[in-house]
Amino acid sequence: MPKLQILDLSSTGIESLPMSLLQLVNLRVLILSSCRDLVEVPPLGELKELQILDLSYSGLKNFPQGIASLVKLKRLDISGTSFTAIPYTMIYGLPSLEELRTMGRNRYVDGATFSEAVNMKRLRSLSIGVSNLNGFIAHDMFHQWFSGLTSFHVMVNYTPFVPVSNKHISIGECDKLPCGIGGLIKHAFSLDLYESIGLTSLSKFRGDLKSLRKLEVIECSGVECIIDWREVGDDAFQCLQRLDLYSLPNLEKVFDAGAPPPLNTSLQNLRRIWVSHCEKLRSLFSSSMVEQLHQLEKLMIKKCIQMKEIIEGDKLPHNSFPKLRILELDDLPELESIFSQRFMFISLEDMKVISCPKLKKLPLFCSSIHEIKGKIEGEREWWEGLEWEDEKAKSLYTRIYKAS
């Protein structure tokens, strides 16, 4: 079949490919992804017209010979493979390559640098795993080249995360963050930190945080606060939309030093906060920084065993949390209040309270019964033990209560 241009054998039980494959001189696409039993392929250098080669999650143990001759190759995907060695210097020499994917568990670039990669003028998408970054980010030329990528996923050591944006960095299982990592973070839209025990806060990155849209910090035992406003610039987290914090045993403050400075644009786009298993956290944020959270839509807090209040302070700005729709409080045994005074959640639709026995009062989140749009869900014993400001408030809440 000399005119065949696309050959897709993905997810088949094929074990090898015949030498006659090389007679497909017009082949442009060869897809062998998820061929777990595939152990060998012939040298591919004769497929001069090949533009897409997908070997992802195949059973191949050795990098195929002849790929250096594929001068028209635009996309190479070897993610999830178990090659004993990856000749990156050869890959970096492919003149037409636009997309390179090498991601996969235990697939790291040991000893490789980007000194050759910066010559890949056409590369626009990169997915790669590395064990360290020291050789990658030593030169200004790298940063200029990296900023030109339209999408990337860089995984430093293994992390169990799936990229959620087209510019994603995952860092896991390291005693200290790699030197110069801020140079990568400043280009990223999402950042995952996993078991980075040497990290105490993200304040050190300062201006490198202004493009992040999603931040996830998981099982980092050294983290004591996420941001200290005294140490970061005016635009840190100005694009952040989602903040997820999980299993941070030494986290005492999410945002330290009260609120951002006046006219600060930080957190102005934050839409979701999820906090879970942070045993030392006693409150989430100060009343003075609530003004920054005018876009917040979802707030979920779970298993923070020392948390006493959600908002600390004595005065809230007018029309606080104007867009908050979902509030979930789960397994907070010491929680006594959401805020010390009454205020209104004007947009709240769903409120869920589970295992919060000391929470005896609720803020009046609607000014009249006609504004009710959602529901309150909680245990009946907790509900019956609530203290009410007046009968009108009790009647208002009772109409929308649902036993969990």
Would the distance check show the side chain of [X] and the main-chain N or O of [Y] forming a donor-acceptor pair, the cut-off being under 3.5 Å?
X: Ser165; Y: Lys167; value: yes
X: Asn250; Y: Ser221; value: yes
X: Asn269; Y: Cys239; value: no
X: Ser347; Y: Pro322; value: yes
X: Ser203; Y: Asp228; value: yes
X: Trp382; Y: Leu359; value: yes

Is [X] atom [atom1] crowded by more than 12 heavy atoms from other residues, nucleotides or ligands, each under 6.0 Å away?
X: Lys48; atom1: NZ; value: yes
X: Glu279; atom1: CD; value: yes
X: Arg36; atom1: CZ; value: yes
X: Gln295; atom1: CD; value: yes
X: Lys315; atom1: NZ; value: no

Validation row: [X], [Y] side chains within 4.5 angstrom (heavy atoms):
X: Leu44; Y: Gln65; value: no
X: Met120; Y: Leu97; value: yes
X: Leu60; Y: Leu32; value: no
X: Phe339; Y: Ile310; value: no
X: Val217; Y: Val223; value: yes
X: Leu299; Y: Leu284; value: yes
X: Leu243; Y: Leu270; value: yes
X: Ser170; Y: His153; value: yes

Run Arg75 and Gln51 through side chain to side chain contact (heavy atoms under 4.5 Å, CB included) and show every step you take.
CA-CA 6 Å; Arg75 177 184 177 186; Gln51 298 180 15; over 6 Å; no
Let me see the working for Ser201 and Cys225 under side chain to side chain contact (heavy atoms under 4.5 Å, CB included), right down to the final yes or no.
CA-CA 5 Å; Ser201 81; Cys225 79; 3.8 Å; yes
Might you work through the side chain to side chain contact (heavy atoms under 4.5 Å, CB included) test for Leu293 and Phe285, ending with a clear yes or no?
CA-CA 10 Å; Leu293 304 174; Phe285 30 68; 3.8 Å; yes
Rounded to the nearest 0.5 Å, what separation is found between the [atom1] atom of [X] and the [atom2] atom of [Y]?
X: Phe152; Y: Ile128; atom1: CZ; atom2: CD1; result: 12.5 Å
X: Arg242; Y: Lys298; atom1: CZ; atom2: NZ; result: 9.0 Å
X: Cys220; Y: Ile226; atom1: SG; atom2: CD1; result: 8.5 Å
X: Gln238; Y: Gln292; atom1: CD; atom2: CD; result: 11.5 Å
X: Ser211; Y: Ile185; atom1: OG; atom2: CD1; result: 11.5 Å
X: Glu309; Y: Ser337; atom1: CD; atom2: OG; result: 5.0 Å

Which atom of [X] lies closest to which atom of [Y], heavy atoms considered:
X: Leu94; Y: Ile67; value: CD2-O, 3.3 Å
X: Gln306; Y: Arg282; value: OE1-NH1, 3.6 Å
X: Leu22; Y: Leu47; value: CA-CD2, 4.1 Å
X: Met1; Y: Leu24; value: O-CD2, 3.2 Å
X: Thr81; Y: Tyr57; value: CG2-N, 4.0 Å
X: Val275; Y: Cys304; value: CG1-SG, 3.9 Å

Under 4.0 Å between a side-chain nitrogen and a carboxylate oxygen: does that hold for [X] and [Y]?
X: Lys121; Y: Glu98; answer: no
X: Arg124; Y: Glu99; answer: no
X: Lys375; Y: Asp350; answer: yes
X: Asp331; Y: Lys303; answer: yes
X: Glu297; Y: Arg272; answer: no
X: Asp54; Y: Arg101; answer: no

Does the pair Leu123 and Tyr92 meet the rule for a side chain to side chain contact (heavy atoms under 4.5 Å, CB included), with working shown?
CA-CA 10 Å; Leu123 195 71; Tyr92 295 156; over 6 Å; no
Would you please classify the geometry between the Trp383 ring and the Tyr401 ring as parallel, tilted or perpendicular, with 30° and 60° separating the classes?
parallel
Ring-ring centroid check His187 Phe146, cutoff 6.0 Å:
yes
Sort out for me which residue in Asp192, Val156, Val154 forms a side-chain contact (heavy atoms from CB on, under 4.5 Å) with Ile171.
Val156
Applying side-chain contact (heavy atoms from CB on, under 4.5 Å) between Leu76 and each of Leu53, Ile52, Thr102, Leu50, report the one that passes.
Leu53
Passing candidate, side-chain hydrogen bond (donor to acceptor under 3.5 Å, both in side chains) with His168, options Ser127, Ser190, Ser151
Ser190
